[in-house]
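Just below is one structure, and these are the notes that go with it.
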There are 2 protein chains.
Amino acid sequence: MKPGPDFPAFQPLYRQIKGLITQSLMSGEWRPGEPIPSEIELAGRYSVSQGTVRKAVSELAEERVLVRQQGRGTFVASHAEERSQFPFLRITPDDAELKELTAELLDLKRVRDAASARLLGLNAGSSVFLLTRILRLNDTPVCYEEVRLPPPRLKGLTAAVVRQHECMLYSMYETRFGMRVLHAEERLKAVGAPREVSALLQVPAGTPMLQIERIAFSYRHEPAELRHCLCDTRLHHYRNSITG
Amino acid sequence: MKPGPDFPAFQPLYRQIKGLITQSLMSGEWRPGEPIPSEIELAGRYSVSQGTVRKAVSELAEERVLVRQQGRGTFVASHAEERSQFPFLRITPDDAELKELTAELLDLKRVRDAASARLLGLNAGSSVFLLTRILRLNDTPVCYEEVRLPPPRLKGLTAAVVRQHECMLYSMYETRFGMRVLHAEERLKAVGAPREVSALLQVPAGTPMLQIERIAFSYRHEPAELRHCLCDTRLHHYRNSITG
DNA sequence: AAGTGGTCTAGACCACTCT
DNA sequence: GAGTGGTCTAGACCACTTG
């Protein structure tokens with residue numbers, strides 16, 4: 001098929017194909033961890049050349065939505081299959097290697113919180129899930145986290161379900177609720193440890209802590225999660241890599 | 001020319017071309033802001049097809065080493081020409097827009113510092129430049145910075161030179177010393193404000209501050225700069241974007 | 001051996017910029 | 001109009017994985 005006006009927007013053909021592939025991912029036609037059809041099949045399905053499909057798939061692979069494996073095929077990226085079960089965690093010990101990471105669930109409840117609801121794309125009056133937990137790195141408690149989630153996307157979420165997944169939230173969202181997190185925006189600040197948190201993490205009250213506020217997004221920039229985190233950075237740090 | 005053994009390493013042809021282009025960039029054959037030869041010219045020069053050159057250039061464009069402009073050509077990326085003169089600055093006011101950014105040079109001297117020298121790829125006994133300054137965002141002092149630099153790459157650096165460039169360091173490295181910064185790695189922590197810094201930034205001693213340690217790299221991962229920064233995050237934050 | 005993605009080529013046409 | 005990068009196609013061969 002030649003590029004033509006028979007697609008919704010004025011876009012290069014390969015971007016339109018990219019959009020169609022993304023739609024199939026959102027609809028659950030191809031689920032995380034599964035292979036998508038081969039490039040030749042997709043070329044036939046959309047009536048374009050293999051090269052055009054290749055360019056669409058390449059962009060999605062670059063964005064880590066898909067993962068290519070030579071000789072095997074192209075797969076839907078999944079947090080469940082990756083080595084790091086905490087793909088967005090940027091905190092690391094200063095001098096040691098991060099060997100073991102565990103999470104202790106403190107609480108899971110529903111609360112009304114207009115600001116959070118709005119950020120999650122819900123009506124201001126809607127309730128949201130509020131999950132609190134502590135992260136331990138190599139058996140040391142380092143982070144206190146509050147996670148806010150949109151109930152419509154996580155029907156049937158309970159503390160038992162969270163524990164089943166050993167607190168690997170992003171993997172749980174995906175395999176249990178079909179919500180794949182792709183991208184997050186963070187705001188970092190230094191703040192003094194509040195009394196409640198200082199007790200939980202065995203840190204003197206007022207100690208400087210790293211505060212991380214995160215909003216995470218799924219396909220098409222749909223908000224998926226809010227996270228508020230306080231980290232003890234006396235022996236740990238947040239690593240980042242910047243490209244000018 | 002078909003892919004053959006007449007290139008140094010076993011690599012796809014387009015990556016070898018990418019290496020040759022990078023060499024020309026490092027040698028200064030094409031300088032920041034200047035156009036590189038057209039794809040067709042490069043294809044002739046290296047005796048490969050335009051498509052292969054295109055793939056090499058595309059990777060470099062993605063890494064922001066080159067910038068393509070349809071109809072005009074492909075240019076060497078430059079900090080001097082970009083809007084933001086502070087390309088690696090991640091600090092922003094919480095509620096306002098960042099309108100004005102100024103830097104006040106405090107000092108520039110040479111010091112002996114074995115650890116810094118080693119990180120900068122020098123002999124442990126070599127001296128390094130130590131530049132200190134204060135950053136003001138919208139006229140508020142927010143960051144105290146210590147910058148360590150390798151003298152061999154910055155011959156003739158003086159306080160007057162820094163002031164000439166209005167403290168836009170990355171732009172100065174490039175236009176004055178031919179050292180283009182491409183990439184940086186950072187470590188963030190929360191620490192209490194030391195007395196010297198608290199006075200400079202008008203912050204009570206001990207206030208939680210964001211500490212940023214950065215090492216910046218030029219072409220081929222050559223170390224270019226060390227930076228140690230302390231930021232007052234009471235009304236400002238560090239923004240980051242993560243792709244899982 | 002068959003099927004997958006990875007590389008490379010050649011050629012066509014388009015959109016944009018400059019003169 | 002000439003020259004640039006941007007898109008699309010078609011076909012060839014390679015490297016890798018699986019049966």
Side-chain angles (χ1 to χ4, degrees), chain A residues 1-21 25 30 33-78 81, chain B residues 1-21 24-25 30 33-77 81:
Chain A
M1 186 189 289
K2 292 292 189 304
D6 40 359
F7 281 96
F10 177 65
Q11 284 249 307
L13 190 47
Y14 76 90
R15 277 202 197 276
Q16 298 171 37
I17 302 303
K18 187 181 169 185
L20 295 176
I21 293 173
L25 290 169
W30 311 313
E34 290 177 5
I36 69 170
S38 76
E39 294 182 351
I40 291 174
E41 268 182 88
L42 289 173
R45 170 168 175 166
Y46 301 129
S47 301
V48 298
S49 76
Q50 189 185 353
T52 301
V53 169
R54 174 176 293 279
K55 190 151 186 188
V57 170
S58 294
E59 283 204 356
L60 290 166
E62 222 165 81
E63 296 165 14
R64 307 217 214 174
V65 172
L66 299 176
V67 176
R68 321 178 83 137
Q69 290 185 243
Q70 193 178 80
R72 300 225 306 134
T74 301
F75 299 79
V76 184
S78 165
E81 296 192 346
Chain B
M1 185 189 291
K2 292 290 188 303
D6 40 0
F7 282 96
F10 177 65
Q11 283 250 306
L13 190 47
Y14 75 90
R15 276 203 198 276
Q16 298 171 38
I17 302 303
K18 187 181 169 187
L20 294 175
I21 293 173
S24 292
L25 292 168
W30 311 313
E34 291 177 5
I36 69 170
S38 75
E39 295 181 352
I40 291 173
E41 267 182 271
L42 289 174
R45 170 167 174 167
Y46 301 128
S47 302
V48 298
S49 76
Q50 188 184 355
T52 300
V53 168
R54 173 176 293 279
K55 190 150 187 190
V57 170
S58 295
E59 282 205 357
L60 289 165
E62 220 166 83
E63 296 165 14
R64 308 216 214 176
V65 172
L66 299 175
V67 177
R68 319 179 84 138
Q69 288 185 243
Q70 193 177 76
R72 300 226 306 135
T74 301
F75 299 79
V76 185
E81 296 192 343

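Numbered from 1 within each chain, the chains take letters A, B, ... in sequence-line order.
Side-chain proximity of A:Ser49 to the nucleotides C:dC18, D:dT7, D:dA10 is greatest for D:dA10. The side chain of B:Tyr14 lies closest to C:dT7, out of C:dG5, C:dT7, D:dT17. Of the candidate nucleotides C:dC8, C:dG5, D:dT9, C:dG5 has the atom nearest to the side chain of A:Arg68. Comparing C:dT4, D:dT7, C:dC8 against the side chain of B:Pro12 picks out C:dC8 as the nearest. Of the candidates C:dT4, C:dC8, D:dG5, D:dG5 carries the atom nearest the B:Thr74 side chain, counting heavy atoms from C-beta on.
For CZ of B:Arg45, the number of neighbouring non-hydrogen atoms (other residues, nucleotides, ligands) closer than 6.0 Å is greater than 12.
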| query | Passes side chain to side chain donor-acceptor pair (under 3.5 Å), A:Gln11 versus A:Gln16? Steps please. | reply | CA-CA 6 Å; A:Gln11 284 249 307; A:Gln16 298 171 37; over 6 Å; no
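In this model, a donor atom of one side chain and an acceptor atom of the other lie less than 3.5 Å apart for A:Ser58 and A:Arg68.
Between the P atom of C:dT7 and the CZ atom of B:Arg15 lies a distance of 7 Å, rounded to the nearest Å. Nucleotide D:dA15 holds its P atom 14 Å from the CD atom of B:Gln11, rounded to whole Å. Counting to the nearest Å, the C1' atom of C:dT9 and the OH atom of B:Tyr46 are 19 Å from each other. Here C:dG5 presents its P atom at 10 Å from CD of A:Gln70, a figure rounded to the nearest Å.
A donor-acceptor contact under 3.5 Å is not formed by the side chain of B:Arg54 with the base of D:dG5.
Within the 4.5 Å cutoff, no side-chain heavy atoms of B:Val48 are placed close to those of B:Tyr14.
When heavy atoms are screened at a 4.0 angstrom cut-off, A:Gln50 is found touching no nucleic acid atom at all.
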